[in-house]
Amino acid sequence: MTEREKMLAGEWYNAQDEELLTLRRKARLTMQALNATRDDACAERTSLLQQLLPNAGSKLWIEPPFYCDYGEHIALGNNVFFNFNCVVLDVAWVTIGNNVLFGPNVQLYTATHPLDAQQRRSGLEAGRPITIGNDCWIGGSVIINPGITVGERSVIGAGSVVTKDIPADVFAAGNPCKVIRYLHSSP
């Protein structure tokens, strides 16, 4: 397996592999161009977003600055909004449903490192996928850790650190994030 194949399979891989370095450099150059666009440059932003996030649905809106590792490992549904300064570390797949809102400074981390210091010094890392269901709202400055699933229609309160899966139809908040209450399905 290549290091990229290992990475996407959730195995330990070498992040300094030449193919991965090249892909990250390409993404960073595209992000730099995106983050430098003027607010009235909608066509240019759309073109750059299509290059950076080829697996995005329609009606994607991202307020720059935006940061990710690769971009091509992010699958976005329709009508997704990222507010300012969001980070998506997509060393594993990040799958986001339709009609999902992200507040400012949201961070999605698929990357993980060995807990053992000696193993960490080897430079190997791994990734665990993140899935966010349809119709979710992720509040400002939320951190979602590797391997997490957030169920459909759930809301994560601002400043939360999500360390365990969150079921559908709940309001969850805190550090660590926990279910506060169940939500009614109607507005």
Asks: Can you check whether Leu124's main-chain N or O pairs, donor with acceptor, with Ser122's side chain at less than 3.5 Å?
Replies: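 Yes, Ser122 side chain to Leu124 backbone: donor-acceptor pair under 3.5 Å.
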Asks: Hey, is the main chain of Pro114 close enough, under 3.5 Å, to the side chain of Gln119 for a donor-acceptor pair?
Replies: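 Not confirmed, Gln119 side chain does not pair with Pro114 backbone.
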Asks: Working to the nearest 0.5 Å, report the span between CZ of Arg120 and CD of Gln118.
Replies: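 Those atoms lie 11.0 Å apart.
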Asks: I'd like to know if the side chain of Thr37 and the backbone of Leu34 have a donor-acceptor N/O pair within less than 3.5 Å.
Replies: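 Yes, Thr37 side chain to Leu34 backbone: donor-acceptor pair under 3.5 Å.
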Asks: Would you say the side chain of Gln107 lies within less than 4.5 Å of the side chain of Cys86, judging by non-hydrogen atoms?
Replies: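 No. Closest side-chain heavy atoms not under 4.5 Å.
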Asks: Evaluate the criterion side-chain contact (heavy atoms from CB on, under 4.5 Å) for residue pair Gln51 and Thr30; output intermediate values, then yes/no.
Replies: CA-CA 8 Å; Gln51 291 173 47; Thr30 305; 4.2 Å; yes
Asks: Do Phe82 and Ile96 have side-chain heavy atoms sitting under 4.5 Å apart?
Replies: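 SC-SC contact between Phe82 and Ile96 confirmed.
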Asks: Over all heavy atoms of both residues, which pair between Ala92 and Pro129 is shortest? Give the atoms and the distance, please.
Replies: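 Of all heavy-atom pairs spanning Ala92 and Pro129, the closest is CB-N, 3.6 Å.
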Asks: Which pair of non-hydrogen atoms, one from Pro146 and one from Ala111, has the smallest distance, and what is that distance?
Replies: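 Nearest heavy atoms, Pro146 then Ala111: CG-O, 3.3 Å.
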Asks: Are Leu49 and Leu108 joined in one hydrophobic group, where the rule is that I, L, V, M, F, W and Y side chains link up if heavy atoms are under 4.5 Å apart?
Replies: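 Leu49 clusters together with Leu108.
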Asks: Got a donor-acceptor contact below 3.5 angstrom from the Asp90 side chain to the Tyr70 backbone?
Replies: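 Side chain of Asp90 to backbone of Tyr70: a pair is present.
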Asks: Mind checking the CG-CD spacing from Leu89 to Glu125? Nearest 0.5 Å is all I need.
Replies: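 Spacing of CG (Leu89) from CD (Glu125) equals 9.0 Å.
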Asks: Shortest non-hydrogen contact from Phe171 to Leu183?
Replies: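 Smallest heavy-atom distance, with atoms named: N-CG, 3.8 Å.
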Asks: Under 3.5 Å, is there a donor-acceptor pair between the side chain of Ser154 and the main chain of Val150?
Replies: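 No, the answer is negative, given that no donor and acceptor are paired below the 3.5 Å cut-off.
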Asks: Assess whether atom CH2 of Trp12 is packed by more than 12 heavy atoms of other residues, nucleotides or ligands within 6.0 Å.
Replies: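 Enclosed.
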Asks: Is there a path from Val80 to Val155 through hydrophobic residues (I, L, V, M, F, W, Y) whose side chains come within less than 4.5 Å of each other?
Replies: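 In one cluster with Val80: Val155, no.
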Asks: Answer yes or no: is there a donor N or O on one side and an acceptor on the other, between the side chain of Asp17 and the main chain of Glu19, under 3.5 Å?
Replies: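 Side chain of Asp17 to backbone of Glu19: a pair is present.
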Asks: Taking the side chain as C-beta and beyond, is there a heavy-atom pair between Arg45 and Pro64 under 4.5 Å?
Replies: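 They are in contact (side-chain heavy atoms under 4.5 Å apart), so the answer is yes.
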Asks: Walk me through it: do Ile132 and Ile144 pass the test side-chain contact (heavy atoms from CB on, under 4.5 Å)?
Replies: CA-CA 10 Å; Ile132 298 173; Ile144 298 181; 3.9 Å; yes
Asks: What heavy-atom pair brings Cys136 and Gly151 nearest, and what distance separates the two atoms?
Replies: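 Residues Cys136 and Gly151, closest heavy atoms: SG-O, 3.1 Å.
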Asks: With a 3.5 Å distance limit and no angle check, can you tell me whether Asp165 reaches the backbone of Thr149 through a side-chain donor-acceptor pair?
Replies: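 The answer is yes, because a donor-acceptor pair under 3.5 Å joins these two groups.
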Asks: Looking at Asp169 and Arg153, is any side-chain nitrogen of the basic one under 4.0 Å from a carboxylate oxygen of the acidic one?
Replies: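 Salt bridge between Arg153 and Asp169, a charged N being under 4.0 Å from a carboxylate O: yes.
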Asks: Side chains of Thr110 and Arg128 only: does a donor on one sit below 3.5 Å from an acceptor on the other?
Replies: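 No.
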Asks: Under the side-chain contact (heavy atoms from CB on, under 4.5 Å) rule, what do Leu53 and Leu76 come out as? Steps first, then yes or no, please.
Replies: CA-CA 8 Å; Leu53 304 168; Leu76 300 167; 4.0 Å; yes
Asks: With distance as the sole criterion, is a donor-acceptor pair present between the side chains of Asn85 and Asn105 under 3.5 Å?
Replies: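 Side chains of Asn85 and Asn105: pair found under 3.5 Å.
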Asks: How close do Ile180 and Ala173 get, counting heavy atoms only, and between which atoms?
Replies: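 Taking every non-hydrogen atom into account, CG1-N, 3.8 Å.
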Asks: Establish, yes or no, whether a centroid distance under 6.0 Å links the rings of Phe81 and Phe102.
Replies: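 Centroid distance Phe81-Phe102: not below 6.0 Å, so no.
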Asks: Looking at CG of Asp39 and CD of Glu63, how far apart are the two atoms once the value is rounded to the nearest 0.5 Å?
Replies: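 Reported to 0.5 Å precision, the distance equals 6.5 Å.
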Asks: With no hydrogens and no angle check, do the side chains of Asn78 and Ser58 hold a donor and an acceptor under 3.5 Å apart?
Replies: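 Yes - a donor-acceptor pair under 3.5 Å links their side chains.
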Asks: Quick check: does any side chain N or O of Glu5 sit under 3.5 Å from a backbone N or O of Thr2, one acting as donor and the other as acceptor?
Replies: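 Answer holds: yes.
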Asks: Give the minimum heavy-atom separation between Val91 and Met7, together with the two atoms involved.
Replies: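 Between these two residues, the closest heavy atoms are O-CG, 2.9 Å.
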Asks: Using the rule that Ile, Leu, Val, Met, Phe, Trp and Tyr join whenever any side-chain heavy atoms are under 4.5 Å apart, tell me whether Val106 and Val94 fall into a single cluster.
Replies: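 The answer is yes; both residues are in one hydrophobic cluster.
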Asks: Quiz question: by atom type and distance under 3.5 Å, do the side chains of Asn98 and Asn79 form a donor-acceptor pair?
Replies: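 Judged by distance alone, the side chains do not pair up.
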Asks: Counting N and O atoms only, with roles assigned by atom type, does the side chain of Ser47 sit under 3.5 Å from a partner on the main chain of Ala43, one being a donor and the other an acceptor?
Replies: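 No, Ser47 side chain to Ala43 backbone: no donor-acceptor pair under 3.5 Å.
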Asks: Please determine whether side-chain contact (heavy atoms from CB on, under 4.5 Å) holds for the pair Tyr109 and Ile143, giving the CA-CA distance in whole Å, both sets of side-chain angles, and the decisive distance to 0.1 Å.
Replies: CA-CA 7 Å; Tyr109 301 152; Ile143 296 172; 3.5 Å; yes
Asks: Hey, what's the ring geometry for Trp93 with His73, parallel, tilted or perpendicular (30° and 60° as the breaks)?
Replies: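 Correct class here is perpendicular.
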